[in-house]
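Report on one structure; see the data block that follows.
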Amino acid sequence: MLKLILVIVLLFIAVLLWYGSNRHQRLLKKPLSRRWRHVGTLAAVAATTTAALQFSMSTTIFFSLLLLMLWLMLLPFATLFRAGGRHDET
């Protein structure tokens, strides 16, 4: 159970770093440097490796892709739920 939570958290951190290092992101005032994208990739690889130790290979691939697609779709909408709305409005 602990490995499953670790996989979920690591994949969320990976997606957050990928999105935060994109120049079109609206979650942060300034995008993160491009070095953080590599850290996000390492987090995704670590999560997939941890999932492979826990599950079968087909389950690992399905679970990792499912979470990555889910968070890559939902994270851009996180700016709608912030108290200030879009940061570029005056």
Side-chain angles (χ1 to χ4, degrees):
M1 183 68 181
L2 186 61
K3 287 184 182 180
L4 178 67
I5 294 171
L6 180 65
V7 169
I8 292 170
V9 169
L10 280 174
L11 283 175
F12 180 72
I13 289 171
V15 169
L16 192 63
L17 290 174
W18 287 336
Y19 182 72
S21 63
N22 190 351
R23 65 182 173 141
H24 298 294
Q25 59 88 22
R26 294 194 178 261
L27 195 60
L28 307 169
K29 297 273 185 197
K30 275 182 15 180
L32 299 172
S33 67
R34 294 191 59 92
R35 271 186 253 161
W36 288 103
R37 188 172 295 185
H38 300 298
V39 175
T41 303
L42 288 176
V45 168
T48 305
T49 304
T50 305
L53 294 174
Q54 182 72 20
F55 307 122
S56 67
M57 189 54 68
S58 60
T59 306
T60 298
I61 292 170
F62 176 77
F63 186 67
S64 297
L65 288 177
L66 175 84
L67 285 176
L68 286 174
M69 287 188 299
L70 176 72
W71 282 327
L72 283 171
M73 287 186 300
L74 292 180
L75 194 59
F77 292 109
T79 57
L80 298 175
F81 297 114
R82 288 193 323 183
R86 290 178 35 186
H87 65 80
D88 59 337
E89 292 181 356
T90 56

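Values below: all heavy atoms of this structure, side chains included; hydrogens, waters and symmetry mates excluded.
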**Asked** What residues join Val45 in its hydrophobic cluster, counting side-chain heavy atom gaps under 4.5 Å, either direct or through other members?
**Response** none
**Prompt:** Taking only residues two or more places apart in sequence or in another chain, which ones pass ring-ring contact (aromatic ring centres under 6.0 Å, His included) with Phe12?
**Reply:** Trp71
**Message:** Nearest 0.5 Å, please: how far is CZ in Phe55 from OG1 in Thr48?
**Reply:** 11.5 Å
**Item:** Heavy-atom closest contact (Ala44 atom, Ala14 atom, distance)
**Value:** N-CB, 3.7 Å
**Asked** Excluding sequence neighbours, so at least two apart, what forms side chain to side chain contact (heavy atoms under 4.5 Å, CB included) with Leu68?
**Response** Leu11, Val15, Trp18
**Request:** Drop me the distance from Gln54's CD to Thr49's OG1, to the nearest 0.5 angstrom.
**Result:** 13.5 Å
**Hydrophobic cluster membership, Leu16 vs Leu72, 4.5 Å side-chain cutoff** = yes
Enumerate donor-acceptor pairs with a distance under 3.5 Å from any side-chain N or O in residues 3-10 to protein atoms, sequence neighbours excluded.
none

**Request:** Quick one: name the residues clustered hydrophobically with Ile61, using the 4.5 Å side-chain heavy-atom rule over I, L, V, M, F, W, Y, and just say none if it's on its own.
**Result:** Met57, Leu65
**Partner set under side-chain hydrogen bond (donor to acceptor under 3.5 Å, both in side chains) for Thr59, not counting sequence neighbours** = Ser56
**Spacing of Leu32 atom CG and Gln25 atom CD [to the nearest 0.5 Å]** = 7.0 Å
**Prompt:** Cluster question for you: counting only ILVMFWY and a side-chain heavy-atom cut-off of under 4.5 Å, with indirect links fine, are Val39 and Leu28 together?
**Reply:** yes
**Item:** Pairwise distance CG(Leu70) to CG(Leu75) - rounded to 0.5 angstrom
**Value:** 10.5 Å
**Fill in**
Hits for side-chain hydrogen bond (donor to acceptor under 3.5 Å, both in side chains) against Ser21, two or more places apart or cross-chain, chain-then-number order -> Arg37
**Complete:** Closest non-hydrogen contact found for Thr60 with Ala52 is OG1-CA, 3.3 Å
